[in-house]
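Data block below; observations after.
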Amino acid sequence: MRVLIVDGNLELSLFTGQLLLGVYQPAPRVEMISLAGNLETALRLLPEHDAVLYEGQFPISRNSISLEEEWDSVYRAAVSRGIRSVLYSGSTRSLDEARNNGIAAISKPAAIEEVHALLAGQNRKSPRRKTVSSSAVA
């Protein structure tokens, strides 16, 4: 599985990507992680991936200094291409909106096995072994 992580926080994205690469699952195994820090890059890289994990707020472009809530743009682009998408956010409003619309969403921080299961299209909860520490969440 090739995963795109969209988040304005590069350090958190890198940490999440490293954890996802370390999850042992016979199938689907995470083979590749790409990072996008803004909407422009996310939409350009999206077609090369099987799944996308995206934050609720991130810059629209590289030069943007303000965060915009554009997660629905990533979701729509992913759905139109048949790419699995999961909102991974600390924003209660974004999570509630996504869940109310039947969109896969998980709250930060979460067990990396749960994140992997959602990216893989599995609706089950995984055992909580590895977690993203709250100190790493922006």
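Scope of the values below: all heavy atoms of this structure, side chains included, with no hydrogens, waters or symmetry mates.
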Where is the tightest heavy-atom contact between [X] and [Y], given as atom of each residue plus distance?
X    : Y    : value
V52  : L46  : CB-CD1, 3.8 Å
A104 : L118 : CB-CD2, 4.5 Å
Y88  : P109 : OH-CA, 4.1 Å
V23  : H116 : CG1-CG, 4.0 Å
A110 : S107 : CB-O, 3.4 Å
N9   : L12  : OD1-N, 2.9 Å

When you look at V115 and V86, which way does the side-chain contact (heavy atoms from CB on, under 4.5 Å) test go after all the steps? CA-CA 8 Å; V115 174; V86 176; 5.8 Å; no
Would you say L21 ends up clustered with L10 if hydrophobic residues are merged whenever their side chains have heavy atoms under 4.5 Å apart, either directly or through other cluster members?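 Looking at the clustering, L21 is in the same group as L10.
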Connected via hydrophobic side-chain network under 4.5 Å: M32 and L45: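 No.
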Please report the interatomic distance [atom1]([X]) to [atom2]([Y]), rounded to the nearest 0.5 Å.
X   : Y    : atom1 : atom2 : value
D72 : I103 : CG    : CD1   : 8.0 Å
L39 : L43  : CG    : CG    : 4.5 Å
T92 : E97  : OG1   : CD    : 12.5 Å

Checking S89 now: which residues fulfil side-chain contact (heavy atoms from CB on, under 4.5 Å) with it, not counting sequence neighbours? E55, L87, S91, S94, L95
List in chain and number order the residues that pass salt bridge (Lys or Arg N to Asp or Glu O under 4.0 Å) with R99, two or more places apart in sequence or in another chain; answer none if no residue qualifies.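 Once residues adjacent in sequence are excluded, R99 has no partner under the salt bridge (Lys or Arg N to Asp or Glu O under 4.0 Å) criterion.
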Check the pair L20, I5 against side-chain contact (heavy atoms from CB on, under 4.5 Å), reporting the backbone distance first and the verdict last. CA-CA 11 Å; L20 280 170; I5 300 175; 4.3 Å; yes
Given the rule in the side-chain contact (heavy atoms from CB on, under 4.5 Å) test, do K108 and D7 qualify, once you have shown the distances and angles that lead to the verdict? CA-CA 12 Å; K108 284 183 181 179; D7 193 320; 2.7 Å; yes
Do the side chain of H49 and the main chain of R84 share a donor and acceptor less than 3.5 angstrom apart? no
